Amino acid sequence: MEAHQESPERPDLAATVEALLFLSPTPASVDQLAEACESDPSEIEAAIGVLDERLGAGPRGLTVRKVGGGWTLATVPGVEEASRRLLAKPRTPPLTQAQAETLAIIAYLQPVSRPEIARIRGVSSESAVASLTERGLIEESGKSRFGAVIYKTSQLFEKVFGLESLEQLPDPSRFDPTPEDERELRERLLSVGDQRIEP
Amino acid sequence: MEAHQESPERPDLAATVEALLFLSPTPASVDQLAEACESDPSEIEAAIGVLDERLGAGPRGLTVRKVGGGWTLATVPGVEEASRRLLAKPRTPPLTQAQAETLAIIAYLQPVSRPEIARIRGVSSESAVASLTERGLIEESGKSRFGAVIYKTSQLFEKVFGLESLEQLPDPSRFDPTPEDERELRERLLSVGDQRIEP
Amino acid sequence: MALRAGLLDLDLDLDVFVGPFDLLLTIVLREEVSLLEVELGEIAAAYVERLEEQGEIELDVATEFLILIASLLELKSRLMLPGADEDLASMEPAEAVEELVSRMLEYRRYRDAAAVLDQIFAKERPFLFRSAPLPPELRRVAVESATKVYEPDSLASAIGDLLTPPEQIDLSHVKTTVSLRQRVSMLKSILTASSSFDFDDRFGQEDRLTQAVTIFALLQLFSEGEATWEQTENCGPIKVIRTDRANSRPRVVADPV
């Protein structure tokens, strides 16, 4: 094809970055890319900008994403059905309620032990922890002083949740109960009893 | 980035094919792609043409290639050095017991066939042989008279064991539990191995 | 935010208390009934019974119930450990309420965070990532840059392991096994050599199991029309006889064996 003739002998920096992101099984940081390309981090950042523009310019199947502290290539949305047919892969199941709660606790409190997770959820969370581990979203991160395994989220977690880093998790204060909620809960617990005891 | 606004909601067929080739770890045939995209092989062929043109039109890091009856995405030439710097990190995890035994058999008896390795170890040694091959510590060295692949250690093996030549392999007599047995090493390994298989 | 209605009016019929769950909760917290006297298992059973009646499970309510029961269990277990924690054991009702309230609020915080994570997950799922192995040339150390990382002695020691004969497996604990098929073929070969024999002469020295299996083999030969036997008195000698297929019927005078 004629177009091939026009392309330069050596790929430019943006093209090299694209090739590296294609090969790398995990997100690559700007520093790693700079070292590999023997160039400056600022040049790499500019090259990623160029790559993003190129990929965004036409109808393209790929996009560049910043996840888990690095850059990676991903498909554009809209190809899940076709890829499932090609790769014969089952659909990624959504998170169950137990898994989502366990993951939220680990994401915000990490590193955190299983007894601690169970204490917060009020139920043993063994099977949720096991399936999150199997899905690669969390991983063991050593042992607590009392010998319990402690957990943290994995890089895959950041990747599949599209997070640049854990800082990008929604601000936990937005989940704080309002003072009214607290008061209501407290009063309810006591006052209902009062009414019944002293009719 | 502005360019993103222009891209259509759903990827077109060429973009879908690009995404599929990106995801597939092995080359995909036109028929497989047609089935995955629920379209005709002729449309897929046209889409591959479009993709090839798009990738060839600008300085890009990826190219579409036909390999062994299927299509695949590959990096453009000229990124080998950078990718080695990024990805070819020294991978020298500790050897498992199975790998150490298999490697020892190959080192001392080479060239040696896989059935012989299995007979000495008393278990099939496929996965150990595969991972030693992948790590570049052993390599194929032709076929035996009966058609079994035979193995020898590689140059990399000598380097990571700090050996200038195979002559420098340590004398196993220090670890020999039956030093009075004067038969050749190979013969003795095989005869002990036979006891391992049928107690 | 308050306890779900579905949970509050759970009716209980316990030894120390009859009435709705929320009332029990309240009077426990006010120490009018000692938690030590309350069978938490019965409350759980009542709740499960309720679930069965309803035929459906409201997850939020169920979770809230579990949290409450778990908190109560923890409080109760603390009470049951004498002197383990004086402060907690002597906890004022108001403090106990605070403990329970803070537990429930803490849980709700993560329940809400979980809902948000779930939304993010749904939004991000359409982006697919490649998972392909590295090309072979990138999977190994380049020979030029390789340095010594393994001890050659580990290879010699592995050879030593392989030269060690495996331990003989101790079979002494394995019980003798007798194969019916072997006994059948043994009987056949005896009967080929002679037209009859005395059972005790042949098998009297065998253990009980072997004798029993041999009798079973004899029955098999009989059913195949190849042998029959005679026993003239109870527990007397058994004479095993080869038969012609035409006429075979054991002549049992007394009860066999």
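Just so you know, these numbers come straight off a predicted model, no measurement behind them. Per chain, numbering begins at 1; letters A, B, ... match sequence-line order.
Between chain C and the options A:K159, A:Q99, A:R174, heavy-atom pairs under 4.5 Å are most frequent for A:K159. Per-residue heavy-atom pair counts under 4.5 Å with chain A were compared for C:E124, C:K123, C:E106, and the maximum is reached by C:E124. Between chain C and the residues A:R121, A:R65, A:E182, the largest count of heavy-atom pairs under 4.5 Å involves A:R65.
In this structure, C:L117 CG and A:T102 OG1 are separated by 11.0 Å, a value rounded to the nearest 0.5 Å. For the atom pair CZ of C:R109 and CD1 of A:I105, the computed distance is 11.5 Å after rounding to the nearest 0.5 Å.
Looking at every heavy atom in both residues, A:T75 comes nearest to C:P126 through OG1-O, 3.8 Å. The shortest non-hydrogen separation linking A:T72 to C:F129 is CG2-CE2, 3.6 Å. Across all their heavy atoms, C:A113 and A:A104 have their closest contact at CB-CB, 3.9 Å. For the residue pair A:I120 and C:Y107, the shortest heavy atom distance occurs at O-CB, 3.5 Å.
The part of A:L73 that comes within reach of chain C is its backbone (N, CA, C, O), which places non-hydrogen atoms under 4.5 angstrom from that chain. Neither the backbone nor the side chain of A:L62 comes within less than 4.5 Å of any heavy atom in chain C. In this structure, chain C has a heavy atom under 4.5 Å from the side chain of A:Y108, while its backbone stays farther away.
Taking 4.5 Å as the limit, every side-chain heavy atom of C:F127 sits out of range of all side-chain heavy atoms of A:V67. With a 4.5 Å cut-off on side-chain heavy atoms, A:L109 and C:Y110 count as touching.
Between C:L128 and the choices A:V79, A:L87, A:V76, the side chain to side chain contact (heavy atoms under 4.5 Å, CB included) rule is met once, by A:V79.
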